[in-house]
Every structure is written in C-alpha cells, then in structure tokens.
Amino acid sequence: MEIDLSPKQSQKVYGGDGGSYYTWSSSDLPMLAEAKVGGAKLLLQPHGLALPSYSDSAKVAYVLQGNGRAGIVMPEATKEKVVPLRKGDALALPFGVVTWWFNDGDAELVVLFLGDTSKAHRSGEFTNFLLTGVGSLFHGFSTEFVSRAWDLKEEEVEKLVKAQKGQGIVKLREGQSLPAASEEDAKGMVFNCESAPLDVDVKGGGRVVVLTDKNLPLVGEVGLGADLVRIDSASMCSPGFSSDSAFQVTYVIRGSGRVQVVGIDGRRVLETRVKAGCLFIVPRFFVVSKIADGDGMEWFSIITTPQPVFSHLAGRTSVWKALSPQVLEASFDVSPEMEKLFRSKRTSDAIFFAPPN
C-alpha cells in the first residue's frame, strides 16, 4: 500500500483576537493515522489565553517562539503548577493532564504539540476537551446536573457556565491577571533544548539535543522520544533509520533543505524540499537523509518510543565500519582496493557531514 509522505503545513481550526489553533489532519497527511501520531500548533497573541482543557493523547509540547506561562494540573493533583515558557522549552504532557496557556509577552507565542494518538478517538488527530467556554463539557450537561455537581443554584449555574462566550482561546480584558509563573514549579516539568548541553556537536556539520527521562522525567511516562537538531549551511545528516520499529515525526522550525527517503525494495519514496512549518513522517525502518540549503536547517522530532535507537549508513558509526572487509568485498562485488578506499572515508565524521570544500 502506497502512502503519501509529502510534507504538509498545518491548517487553522479556530481562532479570534486571542490567537488561533492549527492542526495537521490525517486526511491531508495520511501517515499520521498510519503512525498513530498527531500534530498541532497553538498561536497566542499578547494577552491571549488558551482555556483549560485536556486531551485524549499524550504529547510533547515545544515552544517555537515567544514567552508566556502555562498552568499544569496533573491527575489527582490538588494544586496547579504554573511554569514560565520561553523559546526552546519542551514539556511532556501525559494522559489526563489539564493545561492552560497564556502569552504574557509582547510578541506571538507559538507552541508545537506532537504526540501519540494510539488511544485517541481519531487515529492521527488530537481531540481536546474544553472545561469552559463555548463547546466545553459543562455546556453538554443539563443545568440540573451541573447544579448538583457544583452545589449551586440553577440561576447561578446559568451565569457561570454561559458567561464565557469564547471558544478555546480568548484575550484577557484590561485588568485581568493570572497566577505568576514559578521556577520551582518548572523543575522536572520544563527543559530548554536551546540552552542544554549538546549530545552531538560536529563542527561545521550540526548539533543535537536529545530529550530523555533524565532531563525531562515525564518523557518516559508519555512514551515518546524527542530531539532538537540543527545542521549548518549545506551540511548533510547521514542516511539512517530507526532500528527499533519507531516512526520519526519531524517538524521543520527554521531554514530549508532537501529530504530523501528510501524504503522497501530500495525505492525512493520521497524526494522533496522542506521549509519552516512543514511536518513529515518517516515510516518504520525506512532510511532518511537531509541536506540543508544555504541558511541551514533546524527541526524538532518525536520518535514513537521513549528510548530510540538509530542505525546510520554513513560515517564513523555506520554499520559499514562494523562489517568485515571480506563481507564488504563480497557484498559490493568489488576489489580489495575499492573496499579499502570505501572504508578509508568518513573515519572521523559521525551523523553530520560538513559540505565539501
């Protein structure tokens, strides 16, 4: 069965003065349903508030731009955590977490969500359940039920439930305020990928920061791996594949470049140019490689396993370096001299290759 792997941009679902909510649809990007993953973006204008909600999917959130704060209520918690947000922050959001998001800066706040939809109502898409506003859960219950649940008079319920006319995202009025963010609350909840120590650093090639349960403990509970990758102008990311049957879901943050994906029977299933805002998915065991354009390229990815393992087909750590010379000679049907030439290349480079001089 052939599935379209073409990168796609997100589409606006709803919005207003406070901001907008965008998603990738499995009908537009079929690999979402195949991989059982979802993607969405939240854009908040200054003083924009994304109303409290929870989702049917475990997610990783990544702050693409701006500053703000988020309220997080873990299942069975008696108090919310209010964490500061800045560009490069990653948060892991397990099932059942109630969140709100607020832009307290002067520029747009944009947050990317990538997550697991294997238990979602619609495979490949997030379903969010609003706690207040138009379309919220308590709009569905009768006044009698809400009155009994909250111990309020029915006329009080009418005022409380129907006062908020916004749906999902609103803009705070002058004089309204929200709880201040706390660095103490952020411990173990937020990890900034842009200021973190690099897990891979290749001069003139690229850099990687990997999210693990050591630097962001809730990642293990979410069941996903994630990384932030930046490659320099005209640099190449080595051809490689996920060797533990995971899908790779990649969002291009900045720059542009070329991507090739090769799959079953050695067939090239994708050859395209990607740019900022594109989302694409690499199927299990398919080999992917990227070459940046002149302005370099940066992307954030999730991998559908908490401890991803990758195999590379070029560079110092490639499988070719591990195989014996006799096997290479026989496999390629080449002379010992050609095998030695092949083995002598890329002896110090790993994962990222700077452009040739």
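The residues of the chain are indexed from 1 along the displayed sequence.
One hydrophobic cluster, built from ILVMFWY side chains closer than 4.5 Å, holds both L279 and V110. Residues W100 and L42 fall into different hydrophobic clusters, defined by Ile, Leu, Val, Met, Phe, Trp and Tyr side chains chained together at heavy-atom separations under 4.5 Å.
Counting heavy-atom neighbours within 6.0 Å of R343 CZ, excluding the residue itself, gives a total above 12. Counting heavy atoms of neighbouring residues, nucleotides and ligands inside a 6.0 Å radius, atom NE2 of H47 does not exceed 12 of them. Residue-environment remark: CD (Q176) exceeds the threshold of 12 foreign heavy atoms within 6.0 Å. Within a 6.0 Å sphere centred on CG of D199, other residues, nucleotides and ligands contribute more than 12 heavy atoms. The number of heavy atoms from other shown groups lying within 6.0 Å of NZ (K321) is above 12.
We find that D293 and R258 are not joined by a salt bridge, their nearest charged nitrogen and carboxylate oxygen being 4.0 Å or further apart.
Between M189 and L218, some side-chain heavy-atom pair lies under the 4.5 Å cut-off. Side chains of T117 and S123 form a contact here, defined as non-hydrogen atoms less than 4.5 Å apart. Residues D201 and R207 meet the side-chain proximity criterion, which asks for heavy atoms closer than 4.5 Å.
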Legend entry - Criterion side-chain contact (heavy atoms from CB on, under 4.5 Å) on L5 and M31, from CA distance to verdict: CA-CA 7 Å; L5 301 182; M31 275 302 300; 3.3 Å; yes

Inset, instruction - Give the C-alpha distance, both sets of side-chain angles, the deciding distance and a yes or no for side-chain contact (heavy atoms from CB on, under 4.5 Å) between F332 and E339. - result: CA-CA 9 Å; F332 282 111; E339 187 280 329; over 6 Å; no

Inset, instruction - Go through V63 and L109 one step at a time and tell me if the side-chain contact (heavy atoms from CB on, under 4.5 Å) criterion holds. - result: CA-CA 8 Å; V63 180; L109 170 66; 3.9 Å; yes

Legend entry - L91 vs L85, side-chain contact (heavy atoms from CB on, under 4.5 Å): CA-CA, chis, key distance, verdict: CA-CA 10 Å; L91 301 85; L85 300 174; 3.9 Å; yes

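Between F300 and Y251, the gap from one ring centroid to the other reaches at least 6.0 Å.
With S26 as reference, E125 is the one residue of E34, R122, E125, K36 to meet the side-chain hydrogen bond (donor to acceptor under 3.5 Å, both in side chains) rule.
Classification of the F141-F145 ring pair by plane angle, with boundaries at 30° and 60°, yields parallel. Y14 and Y21 have parallel rings, their planes meeting at less than 30° on a 0 to 90° scale where 60° marks the start of perpendicular.
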